[in-house]
Amino acid sequence: MLVSDGRGDAARLERLANAAIDGGVRCIHLREPALGDLELGMVAEHLRVRLDACDGVLVVNERSALVRAGIAHALHLKAS
C-alpha cells in the first residue's frame, strides 16, 4: 500500500504512484489536503484507470464527492 505524504505536488504524486503501481502496489491512499478538489480529482482519475486494470483500490481522504463520482473506490474519514 502506498500512502501519499500530503506535500501537495500533483505531478510528483502521480509519478510516485505510477512507479508504485509498476512495482506491484495495488492500493493507494491519497492524503492530500493541500490539493484542490479539481486537481486531486484529475490525479485520482488517472490512478483509478491504472488501478482498475490490475484490480487495485484507490482510497481518498475526506473527499466523498470523488467516491460518489466513481473516481475513487473508497473513502477514509477521520475519527470524530
Side-chain angles (χ1 to χ4, degrees):
M1 173 183 223
L2 171 70
V3 179
S4 69
D5 59 14
R7 288 188 181 181
D9 183 342
R12 177 182 170 273
L13 172 59
E14 196 161 352
R15 280 192 313 273
L16 290 171
N18 279 313
I21 293 168
D22 291 344
V25 168
R26 296 298 175 254
C27 183
I28 296 178
H29 182 165
L30 298 179
R31 299 175 58 243
E32 296 295 326
L35 292 180
D37 290 341
L38 181 60
E39 193 170 21
L40 183 62
M42 291 172 58
V43 171
E45 279 186 301
H46 296 147
L47 297 178
R48 168 78 189 245
V49 170
R50 298 267 341 260
L51 288 165
D52 280 348
C54 63
D55 295 321
V57 176
L58 179 62
V59 181
V60 293
N61 261 28
E62 306 287 322
R63 309 285 179 110
S64 60
L66 294 178
V67 176
R68 286 193 309 267
I71 295 170
H73 296 104
L75 179 66
H76 180 270
L77 297 172
K78 63 183 171 186
S80 52

Pair listing, salt bridge (Lys or Arg N to Asp or Glu O under 4.0 Å) test, anchored in [range], at least two apart:
range	result
residues 52-72	D37-R63, R48-D52
residues 23-33	none
residues 12-24	D5-R12, D22-R50

Problem set entry | Test ring-ring contact (aromatic ring centres under 6.0 Å, His included) applied to H46 - qualifying residues, sequence neighbours left out | none
Problem set entry | Pairs flagged by ring-ring contact (aromatic ring centres under 6.0 Å, His included) wherever residues 22-43 is involved - sequence neighbours left out | H29-H76
Seminar exercise, completed: To the nearest 0.5 Å, atom OG of S4 lies from atom CG of L16 at 9.5 Å
Seminar exercise, completed: The reported gap from CG in L40 to CG in L47 (rounded to nearest 0.5 angstrom) is 9.0 Å
Linked, directly or transitively: [X] and [Y] (ILVMFWY side chains, under 4.5 Å):
X	Y	value
L13	L2	yes
V57	V25	no
I21	V43	yes

Exercise. In the hydrophobic clustering (ILVMFWY, side-chain contacts below 4.5 Å, transitive), which residues join L38, or is it alone?
Worked result: M42
Exercise. Is there a side chain to side chain contact (heavy atoms under 4.5 Å, CB included) between V60 and L75 once you walk through the steps?
Worked result: CA-CA 5 Å; V60 293; L75 179 66; 4.2 Å; yes
